[in-house]
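Working notes, structure below.
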Protein chains: 2
Amino acid sequence: MPATIRDVARASGVHISTVSRTFSAPHLVNPETRVRVLASAEELGYRPNRAARALITGRTHNIGLIIADIANPFFPPLIKAAEGQARHRDYHVFVADTNEDPTAEEELVHALAKQVDGVLLCSPRMSNSLIEQVSREVPVVVINRQVAGLPCVMMDVGQGARSAIEHLLGLGHRRIALLGGPRGSWTNREIRRAAGAAARAGGAELTLLGPNPPTETGGGAQAEQVRRSGVTAVLAYNDLMAIGLIEGLDQLGLRVPQDVSVVGVDDIALSRLTRPKLTTVATPTAAAGRTAVDMLLQHDSEPRPRGGGRSAAVGDRRTTAQVMLQTELVIRDSTGPVPETGRTRPGGTPESPGPHRLADPGGPARTTGGVVAS
Amino acid sequence: MPATIRDVARASGVHISTVSRTFSAPHLVNPETRVRVLASAEELGYRPNRAARALITGRTHNIGLIIADIANPFFPPLIKAAEGQARHRDYHVFVADTNEDPTAEEELVHALAKQVDGVLLCSPRMSNSLIEQVSREVPVVVINRQVAGLPCVMMDVGQGARSAIEHLLGLGHRRIALLGGPRGSWTNREIRRAAGAAARAGGAELTLLGPNPPTETGGGAQAEQVRRSGVTAVLAYNDLMAIGLIEGLDQLGLRVPQDVSVVGVDDIALSRLTRPKLTTVATPTAAAGRTAVDMLLQHDSEPRPRGGGRSAAVGDRRTTAQVMLQTELVIRDSTGPVPETGRTRPGGTPESPGPHRLADPGGPARTTGGVVAS
DNA sequence: TTCTTCGCTGCAAACCTTTGCAGTGAAGAG
DNA sequence: CTCTTCACTGCAAAGGTTTGCAGCGAAGAA
């Protein structure tokens, strides 16, 4: 049904190459011919077949963005930022959602591989070796994970977790739980490592709860465990879990932050809207999206060889940079001083000490990142 | 860099067609040859180029999903449902976000056109005529909009808006505002039409506020207007705006539902978590996603002619159905009886009458839809 | 006049697959 | 021994573009 270049050529009485040039190099064709071709094209509703074009140029002007869970509000800012940056460079972004499933993840990069010039692998759940493998099929930039030899943009959640633990230590907490995220998450490991070290250094006991699905439900489901464990503070893998946990604790009659303090990670928009407002580690998601696109596209202006030698793909960079973006602890209302010992039962105090409050930095975290490796 | 079918053929000493068959019709090739080919392919890291394959088969096994704003929590359930349904039929979904921009919308369908077998146009902002035009380039199913001659799946927001207005009328409200959504939204028009009719029928005055961006910010920005207008109830274009409005009213010292009642549309997950919990019109988003995929793919089992005649694309259905899905009013805590006249200033009443509460249906809205046209 | 230059256009290869058709050789039937 | 059948494989066209190269005619230079 859709008209091809050949139909247009026939209709306007020229060779297909002229039609092609009319679209991709108009200055090479006689103005009169051009209008004739354009007219025929318009009339037939002709649109160049981008897949066929990509087959020969090796450029689709699309980039793929694979993310673990599109329903997690952590991702949209990253997606939007990536789209914006891509658009500046005349690229479109196709997003694919893996439902936290490593298998779906792998399938999707194959599905996308030849329809895009590169793939942004965001918070991947598959193994490093698998990532390396797929990166041989299509240029890849990894977000939220470090894998040797590949361009990566990471957020320093380790530093963030440390700040969070130190914040809790400063409030007097000595029994802290770490509400773990999904299996296979690099972020999860980083947080665990850093939080563990910080807790040890501060003489606190850190209880690990997990792995859990990184959702509100996943957080809420651990409320009972948190209560039983007797901790006075919790660091959650992300804001969603933190919010779910607060909800769950609430239903058990435990108040936040009076009975237990809760810290999240991500600083999603929602964390400003809940009551209490969430203390959280802000991650520079938008900057990550932009940076990743830049890294993927950094060499796309280089001339592409043709004919004999295999053509160089977008990701064929000699220098694979790894960038670490800063995080920042944002203290809001979900953390407070440790409750006095002895009062382990909630509800007795008429008015517990009000929520601890510090100046809210407000704006997004600073996003300058240092280049770590080359 | 990536190996082609020719490389594999050379490495395993067979013709490329044998390699092709090894992957797409293994039963046609001798087991011994097969293992040899497979071995070479494995060694070379060969992956069939799906774009080239699609060029000849006419099938990509991908479907495109274009949505207005990926950050709006209304969409993820729809996306997930579409993905699930697609996955059952061995299809992958590429999501593209338009940022509520009609131009980006059109660009994206062109970008996707030849990389997918069909496009789901979700809550499109472009004109009907443009939709018809792009539908000649790629099979399209429209969601949240009625356009003649094209398969559509709609949600009966008109009915929902009517129920909402009647609910408010029943609570005694006579001055109601309609917090409009974005320009170009079919849903917006439907709500306005139905709400207007219902208000008129009930002898109430309906104030139109808008158009607005369909976000929390968009809703919050109209709080001042709502206060000034003196209405006692608001029906918002969607839950996000309703939540933003409640937030904004709160900052102006107006309590919901004591001073003003607020109803949303969509029943996003968040609307259960806010205080007060949101009264809203539940839309069957997941069902919409599933249905749309089914409609797009309904003919994909038909044999495709080859050679002489132009091949029939996925969407080449004779019967373009239009489906209307039911909505349902879910009454929670953000609506209550109209405040007594005279008390227009907030803060005076020690304890206003508690929120009106009805049984919450809980489960998702029923999704059975009648076929409207053929 | 002859030669060069130049603007435009056509030719054909290339990109990577799939697939109808035909060819090959061996096994089985008569 | 000949003929058919059958499993397997190769051939080549097709799908819709892009692009280096060559051709062509006209205009300008010498």
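Just so we're on the same page: letters track the sequence lines, and every chain starts at 1. Everything numeric here is computed off the predicted structure, so don't read it as measured data.
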Sugar-phosphate, base or nothing in reach of B/Ser17, heavy atoms under 4.0 Å: base

Between P of D/dA14 and CD1 of B/Ile56, the distance in whole Å: 11 Å

Sugar-phosphate, base or nothing in reach of A/Arg50, heavy atoms under 4.0 Å: nothing

Integer-rounded Å distance: C/dC21 P and B/His15 NE2: 17 Å

Note: A/Glu105-A/Arg125 ion pair, threshold 4.0 Å (strictly below): no

Nucleotide nearest B/Thr33 when distance is taken to its side chain, options C/dC8, D/dT18, D/dT9: D/dT9

Considering all heavy atoms, the nearest B/Gln322-B/Leu150 contact: NE2-O, 2.9 Å

A/Arg6 CZ to D/dT18 C1', straight-line distance once rounded to whole Å: 12 Å

Nearest to side-chain heavy atoms of A/Ile5, which nucleotide of D/dT17, D/dG16, C/dT18: D/dT17

B/Val14 side-chain proximity, nearest of D/dG10, C/dC16, D/dT18: D/dG10

Euclidean distance, atom NZ of residue B/Lys114 to atom C1' of D/dG15 [Å, nearest integer]: 12 Å

Rounded interatomic separation in angstrom, taking CZ from B/Arg21 and C1' from D/dC11: 10 Å

B/Leu112 versus B/Gly64, closest heavy-atom pair with distance: CD1-CA, 4.2 Å

d(CD, B/Gln115; P, D/dG15) in whole Å: 20 Å

Sugar-phosphate, base or nothing in reach of B/Tyr46, heavy atoms under 4.0 Å: sugar-phosphate

5'-most by nearest nucleotide on DNA chain C - A/Arg34 or A/Ile16: A/Arg34

Validation row: B/His110, B/Val138 side chains within 4.5 angstrom (heavy atoms): no

SB check A/Lys80 B/Asp97 (cutoff 4.0 Å): yes

Between D/dG15 (C1') and B/Asn49 (CG): distance, integer Å: 13 Å

Nearest-Å distance for atom pair NE2/P, residues A/His27 and C/dT9: 13 Å

A/Thr18 side chain near C/dT9 phosphate (N/O to OP1/OP2, under 4.0 Å): no

